[in-house]
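Each remark here refers to the structure printed beneath this line.
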Amino acid sequence: MLTVHCFTYNPFQENTYLLINEKKECIIIDAGCYFENERKEFLEYINENGLSPVGLLNTHCHLDHIFGNKLAARTWKLELEIHPLEQPVLDAAPQFGLMYNIPFEPSPPPARFLEDGQQIVWGADRLEVILAPGHSPGSVCFFCREQAFIISGDVLFHESIGRSDLPGGDPNVLLRSIRQRLYVLDDNVQVYPGHGPETTIGHEKKHNPFVKG
Ligand SMILES: [Zn+2]
Ligand SMILES: [Zn+2]
């Protein structure tokens with residue numbers, strides 16, 4: 001049984017997630033802590049709750065989702081896992097940091113690559129990797145079928161969708177990903193997005209103005 005904990009971090013108001021199991025092991029998804037107080041809060045939350053991070057994943061590698069990768073990797077000896085199509089995005093991130101004037105500690109390179117359909121199993125729980133490109137070329141979502149929730153990254157938001165005008169983005173590919181990979185899930189599936197409040201697949205199918213028909 002997993003508990004989802006969300007922090008909202010950095011100038012982009014990015015959602016960083018911890019998935020915590022009953023043994024207090026957790027997986028970190030999209031470590032976005034940037035400012036010193038955010039980094040401190042992140043470390044303190046994990047320490048004070050007696051959590052043991054066992055995994056470090058990225059839905060994709062835009063800079064707002066990777067600011068804390070190095071800190072997490074270093075602190076808990078974690079190895080990063082991303083989809084291979086995100087490697088160029090990860091490589092380009094420090095350059096964007098300079099461009100936006102938000103320099104950051106570069107992420108460690110990935111130790112392993114994720115693939116579509118892969119099951120990430122730890123303890124009694126598992127997550128399914130769903131490739132959903134369009135916002136970025138190797139965007140993945142992490143779907144927990146047993147508990148009906150999905151960490152959707154910047155693909156699908158509450159009544160909105162990810163932008164598709166960044167390098168490697170494509171609006172048609174993004175819409176196809178949402179329709180063919182996310183809207184096929186049950187209406188009751190809880191969606192935890194990379195920005196903004198949580199939602200459900202059913203709510204978005206009804207009310208999302210960007211995905212029609
Ligand atoms: Zn993004
Ligand atoms: Zn983002």
Side-chain angles (χ1 to χ4, degrees), residues 4-19 27-35 38-39 42 56-72 80-110 113-114 116 129-143 149-178 181-182 190-199 204 208 210-211:
V4 180
H5 184 82
C6 176
F7 307 91
T8 302
Y9 284 147
N10 75 53
F12 298 92
Q13 296 287 289
E14 177 266 359
N15 292 332
T16 294
Y17 291 101
L18 296 181
L19 306 188
I27 284 186
I28 301 167
I29 302 179
D30 289 353
C33 49
Y34 181 76
F35 297 111
E38 295 173 344
R39 294 161 73 88
F42 185 66
L56 180 62
L57 307 177
N58 274 127
T59 59
H60 66 299
C61 296
H62 286 149
L63 79 174
D64 50 323
H65 297 253
I66 65 166
F67 285 140
N69 274 3
K70 181 83 182 196
L71 177 71
L80 178 66
E81 295 176 69
I82 63 172
H83 190 276
L85 292 174
E86 285 301 296
Q87 182 73 63
V89 182
L90 186 71
D91 294 340
Q95 203 54 40
F96 280 97
L98 295 176
M99 237 167 75
Y100 290 120
N101 202 22
I102 29 180
F104 64 98
E105 268 188 308
S107 169
F113 286 126
L114 300 167
D116 186 40
V129 176
I130 297 178
L131 180 62
H135 170 70
S136 74
S139 279
V140 293
C141 304
F142 299 105
F143 178 44
F149 72 81
I150 188 164
I151 308 293
S152 69
D154 290 359
V155 176
L156 183 64
F157 300 133
H158 174 74
E159 297 183 14
S160 187
I161 60 174
R163 56 192 286 190
S164 49
D165 58 336
L166 295 166
D170 182 317
N172 295 321
V173 172
L174 178 61
L175 287 174
R176 193 165 64 220
S177 289
I178 294 171
R181 306 306 310 270
L182 300 186
Q190 196 75 22
V191 177
Y192 295 99
H195 301 269
E198 53 192 82
T199 182
E204 295 314 310
N208 194 306
F210 297 92
V211 194

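Residue numbers count from 1 along this sequence. As the structure lists them, so they are numbered: ligands from 1, and atoms in each ligand from 1.
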Sequence neighbours excluded - salt bridge (charged side-chain N to carboxylate O under 4.0 Å, His left out) pairs with any residue from residues 90-108: Arg39-Glu105, Arg74-Glu105
Test of ring centre spacing under 6.0 Å for Phe157 and His195: yes
Pair Thr16, Asp30: side-chain N/O donor-acceptor within cut-off below 3.5 Å: no
In the protein, N/O/S atoms that are found under 2.8 Å from the Zn ion (ligand 2), waters not counted: Asp64 OD2, His65 NE2, Asp154 OD2, His195 NE2
Under-4.0 Å salt bridge between Asp116 and Arg181: yes
Working for side chain to side chain contact (heavy atoms under 4.5 Å, CB included), residues Asp170 and Ser164: CA-CA 5 Å; Asp170 182 317; Ser164 49; 5.8 Å; no
Ring-ring centroid check Phe42 Phe7, cutoff 6.0 Å: yes
